[in-house]
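Letters A, B, ... mirror the listed sequences (proteins, then strands); counts begin at 1.
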There are 2 protein chains.
Amino acid sequence: MAKFKLDEIDHQILDMLIENTRVPFTDIAKKLLISAGTVHVRVKKMEDAGIIKGSSLTLDYKKLGYSFIAYVGVFLQNTSKTSFVLERISEIPYVTVAHVTTGKFNIFCKIRARNTEHAKDVIFMLDDIEGVYRTETMISLDESINDKKRLMHSIFNDL
Amino acid sequence: MAKFKLDEIDHQILDMLIENTRVPFTDIAKKLLISAGTVHVRVKKMEDAGIIKGSSLTLDYKKLGYSFIAYVGVFLQNTSKTSFVLERISEIPYVTVAHVTTGKFNIFCKIRARNTEHAKDVIFMLDDIEGVYRTETMISLDESINDKKRLMHSIFNDL
DNA sequence: GGTGAAACTTCTAATAA
DNA sequence: TTATTAGAAGTTTCACC
């Protein structure tokens, strides 16, 4: 995968859009002392290059009654069953991310649930998948998410 | 934390915005057979209630040269050092998420790096934090992210 | 609550530099 | 590559259901 060449202006545009995707291009233009047309062209270019894959809302799941987060490590009976199990896992909506990993576990996933009871149900669903030997759960007591902008700054300085 | 009451229309609006935050309100209105003004008011209400916390871009980190993902479990010498260590961890931009967890590890984090070499540097940074006893790394070979919309549908059906 | 229309702002594509 | 510009499109407010 080739590295895409971002210049300082692209970087600044991304910076503003990372914080709020609906910020008007005219505002970005004003801040960067360029025209809104230029912002438009640059964003389009980054979209076409696939750097910007899309945009999404950040929701408060706690306010929706889903305050429980856990990570579940999955041990398989046999690694040849990996893709089958991944498929089954992807059918569970409460699993938000799944990884095939090296190290202790074969598959590693993050789940989001209403409460302990509900999480138990979800973990049982995972345990019940054919090919799963056993699972190990880590309950999150507190989640802190690092600023995406910070990472982007480091990435930009590396390029 | 009180659960917020979303009705079918709010849900549909969220659904469209989750997929693309820049979809025009007029498009949403057309699809849901309501006025653009109503969409506007509803979105504002969800923002005010804090359900919608913000919006952000989905970036292709691989294309930016950052294809390495790992999870790192952190063992502390003493749990009283948790907040101090979390502070230090939050200063490392390559750590994207950190959790305080029950179970095997005291702290659990996700890192994103350029490559194995770079990841090693990041893990050494974690190891070097005062109060960290040792760490355990799981390298992600493959990440699959479940559709946010699927989770929202389940949440909506639960409410 | 919702609507429709007016006033205002922003987007976008073509043209020019 | 960037700026300008003008018509198209979107947002937001408000008087009225």
- Looking at C:dG4, D:dT12, D:dT4, which one has an atom nearest to any side-chain atom of A:Ser35? D:dT4

- The nucleotide from C:dT3, D:dT2, C:dT12 with an atom nearest the side chain of B:Thr38 is C:dT3

Distance in angstrom units between [X] [atom1] and [N] [atom2], rounded:
{"X": "A:Glu8", "N": "D:dT2", "atom1": "CD", "atom2": "C1'", "answer": "17 Å"}
{"X": "B:Lys30", "N": "D:dA9", "atom1": "NZ", "atom2": "P", "answer": "9 Å"}
{"X": "B:Asp10", "N": "C:dG1", "atom1": "CG", "atom2": "P", "answer": "10 Å"}
{"X": "B:Lys44", "N": "D:dC14", "atom1": "NZ", "atom2": "P", "answer": "13 Å"}
{"X": "B:Leu33", "N": "C:dG4", "atom1": "CG", "atom2": "P", "answer": "11 Å"}
{"X": "B:Phe25", "N": "C:dT3", "atom1": "CZ", "atom2": "P", "answer": "15 Å"}
{"X": "B:Met46", "N": "C:dG1", "atom1": "CE", "atom2": "C1'", "answer": "15 Å"}
{"X": "A:Ile13", "N": "D:dT1", "atom1": "CD1", "atom2": "P", "answer": "12 Å"}

Electrostatic pair [X]:[Y] at N-O distance under 4.0 angstrom:
{"X": "B:Glu19", "Y": "B:Lys149", "result": "yes"}
{"X": "B:Lys44", "Y": "B:Glu47", "result": "no"}
{"X": "A:Asp121", "Y": "A:Arg114", "result": "no"}

- Task: Tell me, please, which residues at least two apart from A:Lys110 pass side chain to side chain contact (heavy atoms under 4.5 Å, CB included).
- Result: A:Ile69, A:Tyr71, A:Thr96, A:Val97, A:Glu143, B:His99

- Comparing B:Ile9 and A:Arg22 on DNA chain C - which has the more 5′ nearest nucleotide: B:Ile9

- Query: Taking atom CZ of A:Phe75 as the centre, does the number of heavy atoms from other residues, nucleotides or ligands within less than 6.0 Å exceed 12?
  - Reply: yes

- Item | Below 4.0 Å: OP1/OP2 of D:dT2 and any side-chain N or O of A:Arg42 | yes

- Please work out if B:Lys45 contacts a base, only the sugar-phosphate, or nothing of the nucleic acid, heavy-atom cut-off 4.0 Å. sugar-phosphate

- Describe the nucleic acid contact of B:Thr26 in one word from base, sugar-phosphate, nothing, applying a heavy-atom distance below 4.0 Å. base

- Note on the structure: By nearest-nucleotide position on DNA chain D, the 5'-leaning member of B:His40 and A:Ile34 is A:Ile34

